[in-house]
Structure formats: C-alpha cells, structure tokens
Amino acid sequence: MSADVITVGSTTARITWVTSEPSNNSVLIASAWPFYLGTAANAVSPTFSSGADVTLKNLVPNTTYFYVRQSVDAAGNVQYGFGSSFRTGN
C-alpha cells in the first residue's frame with residue numbers, strides 16, 4: 001500500500017491510497033485509540049480497484065479520529081495499513 005493522501009473538512013475526510021492489486025478497500029475509524037477492528041465504524045470505497053478512495057461523512061468538527069486502512073483482494077487476502085490519525089476542522 002502507498003502512503004495516504006488525506007483531505008479533511010469539518011465533517012468529512014477523504015482518504016486515498018494505492019494498492020498493489022485490485023481490492024475492496026475500506027477505512028475503519030474510531031475516536032479513541034486503540035480500538036477493536038471488529039466493532040469500528042467503517043466506510044467502503046465504491047469500486048473494486050487498486051486506487052482506494054474512501055470518504056468518511058458525518059464526522060464531528062474539531063475532533064481527532066484514528067483509522068486503519070483495510071484492503072481485501074479477490075483471493076480474500078486481507079491487508080491492513082498502519083494506524084494513523086487526523087483532526088477535523090472547525
């Protein structure tokens with residue numbers, strides 16, 4: 001996976017990255033770290049591709065969010081990115 005490109009607004013965030021092969025891509029998100037991946041809220045990229053583009057909506061302004069990228073290829077192999085964070089604007 002490539003490095004993230006993050007565009008953050010007050011109630012939305014768009015996270016993009018590139019995978020080595022076409023995948024179903026999603027972002028798992030929470031407002032506390034660490035968080036349990038099985039219960040984290042998520043947003044899914046609308047296409048099966050090597051270019052992940054996930055938009056998170058209905059975020060709370062001026063809040064720090066933690067996230068992990070997840071990509072699942074056609075064979076069902078799951079790859080997680082490193083945990084990271086961003087803060088929404090006012």
Exercise for review: Given side chain to side chain contact (heavy atoms under 4.5 Å, CB included), test Glu21 with Ser50 step by step and report yes or no.
Suggested key: CA-CA 5 Å; Glu21 61 185 296; Ser50 59; 5.9 Å; no

Exercise for review: Using the side-chain hydrogen bond (donor to acceptor under 3.5 Å, both in side chains) rule, take Asn25 and Ser71 through it: C-alpha gap first, then chi angles, then the decisive distance, then the call.
Suggested key: CA-CA 4 Å; Asn25 301 294; Ser71 296; 2.5 Å; yes

**Study point:** Test log, rule side chain to side chain contact (heavy atoms under 4.5 Å, CB included), inputs Val68 and Trp33
**Key:** CA-CA 11 Å; Val68 173; Trp33 185 266; 4.0 Å; yes

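Of the possible polar contacts, one joining the Ser49 side chain to the Gly51 backbone as a donor-acceptor pair under 3.5 Å is found. Without hydrogens or angle criteria, Tyr67 side chain to Asn42 main chain gives no donor-acceptor distance under 3.5 Å.
With rounding to the nearest 0.5 Å, the separation of CG in Asp53 from OG1 in Thr47 is 7.5 Å. Atom CZ of residue Arg14 and atom NZ of residue Lys57 lie 11.5 Å apart, to the nearest 0.5 angstrom. Once rounded to the nearest 0.5 Å, the distance linking CD1 of Ile6 with OG1 of Thr16 reads 8.5 Å.
By the rule that hydrophobic residues join a cluster once side-chain heavy atoms approach within less than 4.5 Å of another member, Val44 and Tyr65 end up as members of separate clusters. No chain of hydrophobic side-chain contacts below 4.5 Å, direct or via other Ile, Leu, Val, Met, Phe, Trp or Tyr residues, connects Leu56 to Val5. Under a hydrophobic clustering in which Ile, Leu, Val, Met, Phe, Trp and Tyr are joined whenever their side-chain heavy atoms come within less than 4.5 Å, directly or via other members, Phe35 and Val78 fall into the same cluster. Val18 and Phe48 are assigned to two separate hydrophobic clusters, defined by single-linkage of ILVMFWY side chains at heavy-atom distances under 4.5 Å. Under a hydrophobic-cluster definition in which Ile, Leu, Val, Met, Phe, Trp and Tyr are linked whenever side-chain heavy atoms come within less than 4.5 Å, directly or via other members, Trp17 and Phe82 are assigned to different clusters.
Side-chain N/O atoms of Asp73 and Ser23 include no donor and acceptor closer than 3.5 Å.
Sequence neighbours left out, the pairs with a member in residues 81-90 that pass side chain to side chain donor-acceptor pair (under 3.5 Å) are Asn62-Arg87, Thr64-Arg87.
Between Arg69 and the options Val54, Asp4, Thr19, Leu28, a side chain to side chain contact (heavy atoms under 4.5 Å, CB included) holds for only Asp4.
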